[in-house]
Amino acid sequence: MRAVRIHNTLGGKIEQLAPLSPPRVSMFVCGITPYKPSHIGHGRAAVVYDVVAKLLRRVGYHVFYLQNVTDIDDKVLKIATEEGRDWNAISEGNFQSYLQSMRRLHVDSVNFYARCTDYVNEILEQIETLIAKGHAYASDGDVYYDVGSFPAFGALSGQRMEMLEPGVRIEVNPRKRAPEDFALWKGEKLGPRWKSPWGDGRPGWHIEDTAIAVNVLGSRYDIHGGGMELKFPHHEAEIAQAEGATGKSPLASIWMHHNMLNMRGEKMSKSLGNVVGLDETLRQFRPEVVRYFLLSAHYRSPLDYLGPESLEEAGRALETLRVGYDRLISQIEENLAKTFPREVPLPGGGRAYFQDFREWIDRAPLLYPADPQHRSGDRVEDEMMNALLDDFNVREATARLFSFNSELHATLEAQGRSLQEEDLVALLRPYDLASTVLGYFSPARSRDSAASLSAAVELALECRAQAKQRKDYAEADRIRKQLSEAGIEVEDSAHGPKWRLKT
RNA sequence: GCCGAGGUGGCAGAACGGCUAAUGCGGCAGACUGCAGAUCUGCUUUCCGGGGGUUCAACUCCCUCCCUCGGCUCCA
């Protein structure tokens, strides 16, 4: 298995992933609090960890990817009060809309979304354990974590508790023993309540993550992901809770933190009125374009959203790749559609059988042995993999793909028709990697342009060819323009007209 | 104030202690085309926040300052 290098916030260095029980990799990512509709910043987080999970699977790991949903929270309740709505309807509605956006974005790597409210029993158990072990105390219906009992608190974020005092407004809470203690359980008189040994109430902010993670993944797991803004106090609290309760350390071997999506240099926030909705964005731009944009900066760097022009630029860049990819597929169809092998030996033994060409072309990149020494496509795929395996350097991998894309045109121009099966499959590999791991292309779109659409366009092109033959260019241009307005781009070439769907 | 992340050409954004500092977008010119598009070629003249230092050599390592972003704890 190839080595995966990841930046670990715990220690601040890039290190090699060493799973607790290979080939399994357990991964927990802090999910959303669905108190309002998601914005494109949430999309960034989702796409970043989607790439992480898909890349790990691509190199052979069996990834279990868990995400929590904080469906009960102060913010949810605040909105519920303000709008006079049921808190559950708010969080469930926003969560369902988030899931729909995820489907559109092809974020399909998450194995399990766990709702906080489905884990209240586990939360209560963990709190009781923490009290029993002297890490927490009950106080007038609430339960607080005793931060002083956990000396490592602050290690992840480099915060020293003594230094937090200056500049911080400390709100007086007589139920706490120390100001840095945080709530595990909140006694409630109003709003949703669950029974507990300390009276009715609801979970505190941090506890659901560890109750869920420890119950689903175990007391230790491989990767924890989340936004930088959660480093302190949220992730510190997670470490204190889980390690305090289980006695096992470290909770996660690798802590990944992605950087924020800014809005023209400012934080994207509701009060500034600069939130760009994810759902709305996906209505205006193709999902692959949104993914390309969200991946256009390294995950640990801030990404600036300048407005729709950012997505338009992403669309133009992607179009350049798509033209090459489509051209390659056409060439493969031309060379192999009739003669593609109906059975192919599998790398691990056995054989794969194909009756359909499209099925073959989809699977081919993973069925044929790669030869990076001799074939440019294989070499480029290898270089892209190396970049991705080095702390997920998507941008570097993409740069390789662009260079390859340029060369491809010359290759096809010179030797297109004479290229054999293995060579064509090799040329396909860089695009396949970009498609399956990065999500730059939607296979359905590039190939399954329904036969009926194809027939209709061919007919229109035939009319246009006749018009051109009698030098009626006005008519020829009219046909091309109308097709263009319908999203079908026609291009004349030495081998006759070609057409494609616009991005 | 403290902790953390970032400051690279018109814009976006990579890399490495040492080859002309990638790649994309945009702009200009040329080839191809009936025109367009796509593609190709060339150009877009000395881009690495400021200042010190280490080194034969720094965007890359160290120090310091400046700027931007996030965080510095819940309690409807």
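All chains are named by letter (A, B, ...) in the order of the sequence lines, taking the proteins before the strands, and each is independently numbered beginning at 1. Worth knowing before you read on, the calculation uses all heavy atoms, side chains too, and leaves out hydrogens, waters and symmetry mates.
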Engineer: Going 5' to 3' through nucleotides 25-37 of chain B, assign each nucleotide B (protein heavy atom under 4.0 Å from a base atom), S (under 4.0 Å only from sugar-phosphate atoms) or - (no protein heavy atom that close).
Structural biologist: SS-------BBBB
Engineer: Are H258(A) and Y49(A) an aromatic pair, judged by ring center distance below 6.0 Å?
Structural biologist: yes
Engineer: State which residues pass side-chain hydrogen bond (donor to acceptor under 3.5 Å, both in side chains) with N88(A); sequence neighbours excluded, sorted by chain then number.
Structural biologist: none
Engineer: Would you tabulate the pairs of protein nitrogen or oxygen atoms and nucleotide nitrogen or oxygen atoms of nucleotides 13-20 of chain B closer than 3.5 angstrom?
Structural biologist:
residue, atom, partner, partner atom, Å
G13(B), O2', R395(A), NE, 3.4
A14(B), OP1, H298(A), N, 2.7
A14(B), O3', N393(A), ND2, 3.3
A14(B), O2', E396(A), OE1, 2.8
A15(B), OP1, N393(A), ND2, 3.4

Engineer: Would you classify F404(A) as touching base, sugar-phosphate or nothing, given that sugar-phosphate means primed atoms plus P, OP1 and OP2, and contacts are heavy atoms under 4.0 Å?
Structural biologist: nothing
Engineer: Whenever both distances are under 3.5 Å in a Watson-Crick or G-U wobble pair, mark it; put RNA chain B into dot-bracket that way, with [ ] for crossing pairs and | when the partner is on another strand.
Structural biologist: (((((((..(((.....[....)))((((((.......))))))....(((((..]....))))))))))))....
Engineer: More than 12 heavy atoms of other residues, nucleotides or ligands under 6.0 Å from NZ of K133(A): is that the case?
Structural biologist: yes
Engineer: For a quick check of understanding: with a heavy-atom distance under 4.0 Å over all strands, which category does G158(A) fall into, base, sugar-phosphate or nothing?
Structural biologist: sugar-phosphate
Engineer: What is the nucleic acid contact for R400(A), judged by heavy atoms within less than 4.0 Å: base, sugar-phosphate only, or nothing?
Structural biologist: nothing
Engineer: Can you name the side-chain hydrogen bond (donor to acceptor under 3.5 Å, both in side chains) partners of S296(A), sequence neighbours left out?
Structural biologist: none
Engineer: Students often get this wrong, so: under 4.0 angstrom with heavy atoms, is K186(A) touching a base, only sugar-phosphate, or nothing?
Structural biologist: base
Engineer: Going by salt bridge (Lys or Arg N to Asp or Glu O under 4.0 Å), name the residues that satisfy it together with K481(A), two or more places apart in sequence or in a different chain.
Structural biologist: E485(A)
